[in-house]
Every structure is written in structure tokens, then in C-alpha cells.
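These numbers come from a predicted model, not from an experiment. Naming convention: chains lettered A, B, ... in sequence-line order (proteins, then strands); numbering from 1 in each chain.
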Number of protein chains: 2
Amino acid sequence: MLSPVDPHLLRTYVTVARLASFSEAARELGYTQSAVSQHIAALEQDLGAPLLTRRPVTPTSAGERLLEHAGPLLLRLDAARADVVRMAAAPERGLTLAASPTALGPRVLAALPCAGVTLRVLARDEIPAAVATGAADLGLVDGIAAPNDPLRLPDVAPLTTHGVAEEPVCVLLPDTHPLAGRSALRLGDLAAARWLDAPDAGVPLARLRVANGGGAFRPALRYDGTDVRVLTALAAAGHGLTLLPRSAATGVPGAVAVPLTEPRVVHRTELVHGGAPRGAAARLVGRLVERERDR
Amino acid sequence: MLSPVDPHLLRTYVTVARLASFSEAARELGYTQSAVSQHIAALEQDLGAPLLTRRPVTPTSAGERLLEHAGPLLLRLDAARADVVRMAAAPERGLTLAASPTALGPRVLAALPCAGVTLRVLARDEIPAAVATGAADLGLVDGIAAPNDPLRLPDVAPLTTHGVAEEPVCVLLPDTHPLAGRSALRLGDLAAARWLDAPDAGVPLARLRVANGGGAFRPALRYDGTDVRVLTALAAAGHGLTLLPRSAATGVPGAVAVPLTEPRVVHRTELVHGGAPRGAAARLVGRLVERERDR
DNA sequence: GCATCCCATCAGTTCTGCTTATCGAGAGTG
DNA sequence: CACTCTCGATAAGCAGAACTGATGGGATGC
């Protein structure tokens with residue numbers, strides 16, 4: 001049986017690759033430069049391939065490949081520890097909730113307890129990681145899916161998800177737009193449009209590209225922030241169209257929200273948590289999931 | 001910064017949990033019983049929680065949780081090594097192809113080279129693991145999805161997938177069945193039917209349960225093998241209905257295949273491979289993906 | 001050509017991880 | 001009830017791993 005790759009070596013490897021320097025990595029990790037050098041040598045010998053070019057320090061192609069593995073791997077390793085530790089000691093500190101910006105729909109907001117919650121807005125794909133490592137007790141992720149379909153989340157760890165809410169998806173158009181009067185839109189109607197590319201604030205477009213039959217969207221302006229207000233303002237100012245859940249798209253000055261009817265997709269919000277939510281976290285889970293069942 | 005869980009300890013832990021014995025695990029791992037005892041003690045101290053009850057040796061609740069993490073974790077660790085090693089040394093041995101039973105549709109069979117291929121039929125969720133760890137060079141997985149949607153695969157490692165074929169999904173009915181004369185069926189027509197539960201041979205039903213609005217299927221007989229012939233024979237004999245891709249469902253004596261039109265799903269086959277397919281593997285990838293593009 | 005920077009290598013020390021040996025608790029037996 | 005057998009915990013010792021500090025050598029800059 002072949003022994004697993006030593007995660008200790010892996011950690012120094014990713015640090016070296018990130019900083020592009022053995023000595024810097026040594027400083028950051030609290031080792032001597034010598035130790036780091038030996039770590040990399042050991043890893044290269046173990047895998048039987050050079051991982052870094054020296055001078056300048058850059059990953060080789062094999063090293064690039066290893067980097068792709070290393071991130072999720074170290075994440076899972078930490079997640080495993082965090083998850084088990086969480087079961088043992090539940091200090092009942094304040095509840096931390098990690099959420100993507102558009103995941104905070106009306107149903108969620110109504111269910112939040114009045115006090116004792118720390119809300120942390122993160123990019124969509126950081127949320128499972130935050131929950132897995134214990135940085136947050138609960139996560140709220142949103143995205144586009146077929147009705148009643150679960151979202152596709154990166155599975156960094158065994159997490160539990162519950163559907164919490166589904167809303168229609170709307171296109172946000174400046175009210176001067178020729179299609180602004182429509183009561184419904186198909187994606188095909190907008191084939192020639194320019195889109196705002198806002199993976200962290202808006203609804204990710206990539207998911208639709210497939211349903212769209214492979215036709216790529218023409219991105220106009222890319223927005224890397226997480227502020228929905230900025231995004232709606234950009235859309236209202238005519239910088240491009242964007243997709244939002246109805247509740248986030250209505251009431252924007254200078255813009256109208258038109259429901260998207262084809263393809264038949266919904267904006268879905270899911271609650272994600274680790275093994276054993278306790279105390280306030282458990283209560284919030286109960287409240288959100290129960291509301292869903294009433295629906 | 002917290003140091004990652006030692007995978008060495010993790011490996012002995014899962015072995016102990018599986019065998020429910022320290023001494024047995026020691027024998028299997030080539031350690032002394034003392035070493036295993038120390039490993040478990042170290043892990044429990046590291047995580048700050050008891051993981052096993054002794055006498056009898058059983059995982060605690062925290063231990064159960066850890067087991068859920070451990071499997072994917074060790075798999076990924078091996079996958080990382082295998083992937084990098086594969087980049088370095090490409091010995092150009094015979095091509096090994098791992099496939100789920102119903103993934104071998106006509107398009108795939110036509111593209112296979114005449115010689116030098118080892119075909120290995122595995123359960124659906126073992127295939128990504130086999131490809132990731134290098135047990136197979138390529139994998140073929142099938143499943144049910146919305147048209148043009150990718151399948152949901154367990155992401156054990158960064159793998160690349162290509163859609164290879166899509167076929168209609170058919171219900172296989174014994175020709176004495178009252179609905180056997182229909183030219184098309186909706187899932188709602190079959191709400192009262194009994195189903196064959198064959199997760200490894202047929203098409204998994206779980207995926208449809210969601211699209212079905214949460215209504216569970218009534219399973220009649222469970223078949224754990226991977227032989228499609230057995231499955232079709234069972235269906236023809238009236239032991240229950242089953243879903244199959246059209247090419248696998250036609251021509252079964254005593255049964256008819258009726259296309260499923262609602263929900264709108266297809267049987268999809270995907271090719272999955274690791275980082276850098278070479279030689280014969282690369283040629284096969286090329287041939288399969290190219291055929292897809294022609295479609 | 002000299003200084004500097006950066007990684008590789010070597011020797012020495014510390015500390016971890018494994019083995020052997022022994023103990024103690026619990027289950028089965030006459 | 002005593003005896004034994006099994007199985008896991010613990011102690012001591014030893015070999016090897018891991019890290020440090022020092023040194024070497026190939027780049028680059030002045």
C-alpha cells in the first residue's frame with residue numbers, strides 16, 4: 001500500500017509556490033530556509049517529479065497539477081478536525097452565519113433571531129469552506145437551478161443542505177430599455193444583450209450558459225464586489241443586464257425587473273451546515289427548514 | 001495556525017473502526033498493537049474527543065463523523081499522488097477504461113479501439129475514484145440529467161469531464177403491462193407502480209425523486225449486481241419497472257421500452273479523466289469528444 | 001571583481017514514532 | 001471461585017526522522 005502524501009510537506013509546498021520563495025515561505029511557516037528546502041526535496045523525491053523550477057521559483061506542470069489538489073486537500077483536512085472538535089466542545093458562542101449577498105431573501109431575513117448573530121457576506125464558493133472549517137456555524141448559498149433541484153456546491157466536506165427558498169429569476173433592465181415593458185422574457189430574447197459579469201454579487205451566469213445551448217454571454221463590465229446595490233445601480237445606468245432573484249430586483253430606481261420564463265429556472269437558496277448544529281444554530285435551522293415545509 | 005490532522009493516524013483509525021479491533025488492525029497495517037493504541041490515543045488527544053469506545057470497539061458519535069471525512073480524504077490524498085506521478089512517468093501500458101454498466105452505449109462502443117483496452121465495470125460512484133487514483137486511465141459514467149446539463153459526480157479530485165452521448169430515457173415494461181402499448185409515458189402515469197431498485201446496474205432513481213416533487217418510489221426488488229441482462233429479465237418477468245437508456249432497453253424479449261417524456265430528462269454519458277491523458281487514452285478521448293461535437 | 005541574494009548540502013542535536021515488555025480489566029471455563 | 005485467555009493501556013528504550021545552524025555555490029547587480 002502506498003503511503004499518503006504528507007500534508008505537512010504539502011503545506012510548505014503551497015506556501016513556497018504562493019510566495020515564489022523558499023526563504024519567504026520559511027519565515028511565514030516559522031521554519032528555517034533549510035527545512036523548507038528539505039521539505040520540497042522530500043516531496044519531489046516522494047512523487048518522483050520536479051515540482052518547482054528554482055531561480056525563479058515557479059511551479060512546473062506537475063507542480064501546477066499538485067497545486068490544484070493541494071487546496072481542497074488541506075481544506076478538507078482542516079474541515080475534518082473542525083467538524084469533530086465541534087461535536088466535542090460546543091462553547092455556545094454567538095452564531096456566525098456566512099451568506100452570499102443575494103441569499104438573504106425575505107424568508108431568511110424574517111427567520112433571523114433579533115440578536116446574537118454575526119453575519120458574514122462571502123463569495124459563493126467560499127461559503128462551504130467557511131462552514132466546513134467552522135469559520136461559520138451556518139451558511140446560506142444561492143444560485144440558479146431547475147425548480148426543486150439542489151444547487152451544485154463544491155463538496156469540500158460532508159455537509160448537510162436544506163432548500164430554504166425558491167424565487168423567480170428576473171432580468172434587471174434599465175427602464176429605458178426597449179424590452180422594459182415586457183411582462184416576461186426568454187433568454188433567447190436577450191441573445192444580443194450585454195451582461196454585467198458579477199460572479200460574487202449577482203447570480204452566476206455560468207450555470208445558464210449550459211442551459212442556453214452553449215452560447216456564451218457577452219460580458220460588458222465586470223464587477224468583483226459583493227454589493228448588490230452597486231450592481232443594480234450599474235444595471236439601471238445601462239452598463240449591462242443582470243440576473244437577480246425577484247426580491248432583490250424589485251424597487252430599483254430607474255430599472256424594472258422582468259421575470260425570466262425560459263429556460264425554466266429558479267433562484268434557489270440553501271442552508272448548509274456541518275454535522276451537529278447546536279443551540280442557536282439548531283433553532284435557526286429548525287425555523288428556516290420548517291418555513292420551507294409550510295410553503 | 002492549526003496543523004492538519006495526520007493522515008497516518010487517520011488511516012489506522014479507519015482500519016481499527018472497520019475491523020473493530022486494535023490488534024487486528026495492527027496485523028493488517030504491519031504495526032504492533034502498541035503502535036495502534038498510541039495512534040488512536042494521539043488522534044483522540046489531537047482532536048480533543050474520544051473517537052472509539054473500547055470493549056467493544058465502536059466509533060463514538062464524533063468518531064462516526066470523522067469516518068465520513070476520512071474516506072474521501074484518504075482518497076484525495078492518493079489521487080493527488082497518482083495524478084502528479086502520472087504526469088511524470090507515462091509508461092504507455094495498456095489502456096484501462098472504467099465504466100458503469102449502462103454507460104457503454106452504441107456511440108462509445110463504436111469508438112473503442114480494437115485491441116489493447118481493459119474494460120472494468122464498476123459501480124457508478126466508484127468510477128471517479130478509480131480514475132483519480134490511476135486505477136483506470138479513463139472513466140465513463142452515466143446518469144440522468146436535464147438535457148445539456150452535466151452529471152453530478154462526487155468530486156474526489158480535480159477531474160475533467162466531457163459529455164459523450166445523450167439518449168432518451170425509457171421505462172422498461174413487461175409487454176403484458178396495461179401501459180405497454182403507449183408511445184410515451186409521464187412519470188405521473190407510474191405513480192402507483194413498483195420499481196426495481198438497481199443502483200449499480202440500472203439508472204439511479206434517486207435523481208428523479210427530486211424532479212418528481214418529492215414523491216418516493218415504491219421499491220419492489222433490489223438488485224445489487226451490475227448485469228443489465230439480469231435487470232431487463234427481472235423487468236420482463238414483471239418484478240417491477242426500471243429506467244434504462246433507450247439503446248439498452250430495446251430488444252428485450254417479453255418487454256417493451258416506452259420513452260419517458262415528463263420530466264424532460266435524458267440519459268447522459270460522460271467521459272472523465274485526470275490531468276493529462278496520453279497515448280491511447282488521449283486518442284480515445286479525442287475520438288469520443290469529436291463524435292460528440294458532430295452530433 | 002566584489003557584494004549580495006538565494007537555494008542546496010552537510011553535520012549535529014532534538015524529538016518523534018515504533019518495538020518490546022509488562023500490566024490490568026473483562027469474558028469464558030472447569 | 002480460581003484459572004486462563006484475550007485485548008487494550010502503559011513504560012522504557014532505541015532508531016530514525018526532522019529541524020537547526022553553518023557552509024558552499026551559482027546567479028544577479030553594482
Side-chain angles (χ1 to χ4, degrees), chain A residues 1-64 66-67 70 74 77 81, chain B residues 1-60 62-64 66-67 70 74 77 81 88:
Chain A
M1 179 167 191
L2 78 179
S3 74
V5 184
D6 187 342
H8 221 114
L9 304 186
L10 219 51
R11 191 164 60 101
T12 64
Y13 171 69
V14 301
T15 311
V16 171
R18 175 166 48 86
L19 301 176
S21 158
F22 283 49
S23 332
E24 280 292 315
R27 217 160 300 140
E28 178 166 320
L29 296 169
Y31 289 138
T32 53
Q33 171 268 321
S34 168
V36 170
S37 181
Q38 291 175 47
H39 276 189
I40 301 299
L43 196 56
E44 288 182 326
Q45 181 151 27
D46 180 26
L47 298 179
L51 299 172
L52 293 168
T53 66
R54 324 296 150 97
R55 235 176 299 267
V57 175
T58 311
T60 63
S61 60
E64 292 279 6
L66 184 60
L67 278 179
L74 294 174
L77 239 11
R81 140 174 281 113
Chain B
M1 177 166 196
L2 79 179
S3 74
V5 184
D6 186 341
H8 220 109
L9 304 186
L10 219 51
R11 192 163 60 101
T12 65
Y13 172 69
V14 301
T15 312
V16 170
R18 175 165 48 86
L19 301 175
S21 158
F22 284 50
S23 331
E24 280 291 315
R27 217 159 301 143
E28 178 166 321
L29 296 170
Y31 288 138
T32 54
Q33 171 267 319
S34 169
V36 170
S37 182
Q38 291 175 47
H39 276 188
I40 301 299
L43 196 56
E44 288 184 326
Q45 182 151 28
D46 180 26
L47 298 179
L51 299 172
L52 293 168
T53 67
R54 325 294 150 100
R55 233 176 299 267
V57 175
T58 311
T60 64
E64 293 278 6
L66 183 61
L67 277 180
L74 294 174
L77 240 11
R81 139 173 283 112

- Tell me whether the OP1 or OP2 atom of C/dC7 has a side-chain N or O from A/S23 closer than 4.0 Å. yes
- Query: Can you check the A/L52 CG to C/dC6 P distance for me, whole Å?
  - Reply: 16 Å
- Calculate, to the nearest 0.5 Å, the distance between atoms CZ and CG belonging to A/R81 and B/L47 respectively. 6.0 Å
- Task: Do nucleotides 10-30 of chain D as a string where each nucleotide becomes B, S or -: B if the base has a protein heavy atom under 4.0 Å, S if just the sugar-phosphate does, - if no protein is that close.
- Result: BB-------BBB----B----
- Query: About how many Å separate CG of A/D6 and CG of A/D46, when rounded to the nearest 0.5 Å?
  - Reply: 8.5 Å
- Give every residue pair that meets the ring-ring contact (aromatic ring centres under 6.0 Å, His included) criterion with at least one member in residues 32-59 of chain B, sequence neighbours excluded. B/Y31-B/H39
- Query: In whole angstroms, how far is the C1' atom of C/dG17 from the CG atom of B/D46?
  - Reply: 15 Å
- Task: Supply the atom-to-atom distance A/T15 OG1 to A/F22 CZ, rounded to the nearest 0.5 angstrom.
- Result: 12.0 Å
- CZ of A/R27 versus C1' of C/dC5: gap in Å, rounded? 11 Å
- Applying side chain to side chain donor-acceptor pair (under 3.5 Å) to B/E44 and not counting sequence neighbours gives B/R54
- Task: Return the residues of residues 56-64 of chain A meeting this criterion: a heavy atom under 4.0 Å from some atom of DNA chain C. Order them by number, or give none.
- Result: A/V57
- State which residues pass side chain to side chain donor-acceptor pair (under 3.5 Å) with A/S34; sequence neighbours excluded, sorted by chain then number. A/Q38
- What is the distance from CD of B/E24 to C1' of D/dT6, rounded to the nearest Å? 12 Å
- Note, A/T58 side chain near A/L52 side chain (heavy atom, < 4.5 Å): no
- Task: Round to the nearest Å and state the distance from A/I40 atom CD1 to C/dC7 atom P.
- Result: 11 Å
- Residues in side chain to side chain donor-acceptor pair (under 3.5 Å) contact with B/E28, at least two apart in sequence or another chain: B/R18
